[in-house]
Student: 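Below: one structure in structure tokens.
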Amino acid sequence: MRLSQYFLPTLKETPQEAQVVSHRLMLRAGMISQSTSGIYSWLPLGSIVLRKIEAIVRNELNQSGAHEVVLPTIQSADLWKESGRYDAYGAEMLRFQDRHDRDMLYTPTAEELMTDIARRYLRSYRDLPQSLYQIQWKFRDEIRPRFGVMRGREFYMKDAYSFDVNEKGARESYFRMMRAYIKTFDRLGLTAVPVRADPGPIGGDLSHEFHIIASTGESLLYYDRKLEDIMAESGHTEVPVDAIMDLYAMEEEMHDPENCPVPASDLRQARGIEVGHIFYFGTKYSEALGANITDFDGKILPIHMGSYGIGISRLVAAIIEASHDEAGIIWPESVAPFQIALINLKVGDSACDETCQNIYDRLIESGVTVLYDDRQTGAGDKFATMDLIGLPWQVRVGPKGLKAGTVEIKCRRSGVVQEISLGSALTQLTATLAA
Ligand code: 5CA
């Protein structure tokens with residue numbers, strides 16, 4: 001992509017309304033634009049990142065054996081009246097009537113709709129276990145939307161639902177999903193801490209939240225120091241799913257200073273951003289809606305269910321909270337909107353133009369994504385823009401270097417700039433980045 005033709009409305013000034021760094025950087029990097037309170041438009045750069053996160057979440061969910069569906073965002077209130085949540089949900093639910101005066105709502109979550117699908121199509125223990133998920137916009141009329149897309153009113157969520165014959169099966173599904181979450185967050189370049197949680201209005205007795213540690217996090221959380229040791233020992237090569245699962249298999253109680261199973265000296269306290277939340281709620285919805293199956297011995301029993309959320313739009317902000325510096329965003333490679341920033345330091349100079357075009361073509365050919373700054377502006381402006389939008393690598397091409405046959409490569413994360421021969425620059429970049 002040529003920057004001169006791209007839609008990248010970056011801001012030099014720090015927007016006044018933004019209180020946290022991720023919100024400031026998303027506005028400054030031209031990723032989002034507020035439409036109205038708690039509701040945002042995703043501009044091209046933001047939209048690419050959102051879709052990349054979505055693709056990783058989808059891929060891990062598919063590998064865990066779940067099947068994707070697409071459910072409507074507008075639902076009839078009838079199902080919610082059956083479950084009892086139409087009255088219980090409160091002011092967060094956006095309610096309205098259609099032209100026939102029928103009560104409708106915009107989905108804040110989809111337990112009811114998924115339970116309805118289960119009662120229509122799942123008949124016997126032979127149809128189970130089953131897991132379905134969707135990636136869909138949700139609406140919750142939050143009393144205080146804030147921090148940009150971190151706590152929006154409209155937000156993008158992956159919600160999965162598991163269906164099992166009994167509690168034993170449901171717990172297996174629950175912990176299979178937990179494994180998929182640990183892998184997903186690792187692929188997103190994040191260390192997510194699972195903590196035992198209060199199921200709240202979703203209901204049930206087994207629930208974990210997944211948090212990204214960040215000083216701006218809205219929740220205070222406690223976790224076992226061993227988790228840090230496990231992560232450190234792994235050397236960050238492959239996420240140690242088994243060791244993490246073993247730590248949590250103790251099924252520790254929610255934090256309570258009196259009865260905490262973790263000794264005080266091992267207890268870590270931090271602020272966190274909740275990026276995922278999983279629930280096992282048994283037969284709460286299947287009983288209310290009559291989603292039953294025939295058991296092994298012919299008994300009719302309600303299905304055991306769990307639901308599993310990941311805040312995809314919130315993750316964009318959470319990744320930035322976890323990975324930025326003074327100059328801007330530092331994207332993990334897996335979600336970067338482009339892998340390489342190609343910077344032409346003297347547009348109009350035939351050697352610079354030709355070399356850039358050549359590098360650009362060769363990178364694109366080898367499947368690498370490139371944002372090429374071909375604008376007629378100064379070097380300082382170009383460096384600042386690329387540092388702000390946080391692409392992992394910058395290739396800087398200028399007349400001085402070209403005379404010596406070299407270009408500069410900057411690693412955004414380490415800040416290290418290397419002067420390197422043109423030929424080896426291309427081999428090095430395509431070798432590390434080619435898909
Ligand atoms: N039905 C369950 C599981 S699918 C559910 O709705 N869980 S939830 O309420 O915890 O939401 C799942 C995830 O969506 C949260 O962990 C959070 O990451 C994200 N989320 C929730 N509310 C918002 C919001 N207002 N803005 C952005 N993301 C949100």
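In listed order, ligands and their atoms are each counted from 1. Excluded from the calculations below are hydrogen atoms, water molecules and symmetry mates; all remaining heavy atoms, backbone and side chain alike, are included. None of the values given here were measured: they were computed from a predicted structure.
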Student: Could you pull out the closest heavy-atom pair between M231 and P240, with the gap in Å?
Tutor: SD-CD, 4.2 Å
Student: Judged on heavy-atom distance to atom 14 (O) of ligand 1, which of G311, P145, G306 sits nearest?
Tutor: G311
Student: Please determine if E112 and R85 form a salt bridge, counting it only when a charged side-chain N lies under 4.0 Å from a carboxylate O.
Tutor: yes
Student: At a non-hydrogen distance cut-off of under 4.0 Å, which region of H277 contacts ligand 1 (side chain, backbone, both, or neither)?
Tutor: both
Student: Heavy atoms only: which of K158, H211, M114, R140 lies closest to atom 9 (O) of ligand 1?
Tutor: R140
Student: Name the option, out of R151, E111, R144, R314, that contains the heavy atom nearest to atom 23 (C) of ligand 1.
Tutor: R314
Student: Would you please determine whether G276 falls within less than 4.0 Å of ligand 1 on a heavy-atom basis?
Tutor: yes
Student: In ligand 1, which numbered atoms sit nearer than 4.0 Å to a non-hydrogen atom of Y308?
Tutor: 3 (C), 4 (S)
Student: Could you tell me whether a side-chain N or O of D374 sits under 3.5 Å from a main-chain N or O of S4, the two making a donor and an acceptor?
Tutor: yes
Student: Tell me the closest heavy-atom pair linking I340 and L391, and the distance in Å.
Tutor: O-CD1, 3.9 Å
Student: Centroid separation under 6.0 Å, is that true for the rings of Y280 and Y174?
Tutor: no
Student: Quick one: does T109 get an N or O within less than 3.5 Å of an N or O on ligand 1?
Tutor: yes
Student: Which residue in the set I320, I389, L25 passes side-chain contact (heavy atoms from CB on, under 4.5 Å) when paired with M31?
Tutor: I320
Student: For atom 22 (N) of ligand 1, which of the options Y161, F147, Y156, F155 provides the nearest non-hydrogen atom?
Tutor: F155
Student: In sequence, state the C-alpha distance, the side-chain angles, and the governing distance for T107 and L71, and then conclude on side-chain contact (heavy atoms from CB on, under 4.5 Å).
Tutor: CA-CA 10 Å; T107 182; L71 303 184; over 6 Å; no
Student: Is the side chain of E321 donor-acceptor paired with the backbone N or O of S22 at a distance under 3.5 Å, no angle test?
Tutor: yes
Student: Any idea which part of E209 is under 4.0 Å from ligand 1, heavy-atom wise: side chain, backbone, both or neither?
Tutor: neither
Student: Where does the angle between the aromatic ring planes of W42 and W137 fall among parallel (under 30°), tilted (30 to 60°) and perpendicular (over 60°)?
Tutor: tilted
Student: Please verify whether a non-hydrogen atom of F279 lies at under 4.0 Å from ligand 1.
Tutor: yes
Student: Is there a salt bridge (Lys or Arg N to Asp or Glu O under 4.0 Å) between R176 and E172? Walk through the geometry before answering.
Tutor: CA-CA 6 Å; R176 188 178 323 118; E172 278 165 24; 5.1 Å; no
Student: Of all the atoms in ligand 1, which lie at a distance below 4.0 Å from a heavy atom belonging to D159?
Tutor: 4 (S)
Student: What atoms in ligand 1 come closer than 4.0 Å to a heavy atom of S307?
Tutor: 1 (N), 2 (C), 3 (C)
Student: Check each of E142, E274, E154, R146 against atom 15 (C) of ligand 1 and report the one with the nearest heavy atom.
Tutor: E274
Student: Any heavy atom of V149 sitting closer than 4.0 Å to ligand 1?
Tutor: yes
Student: Using a 4.0 Å heavy-atom cut-off, say whether V275 meets ligand 1 through its side chain, its backbone, both or neither.
Tutor: backbone
Student: Just heavy atoms, cut-off under 4.0 Å: does R153 contact ligand 1 by side chain, backbone, both, or neither?
Tutor: neither
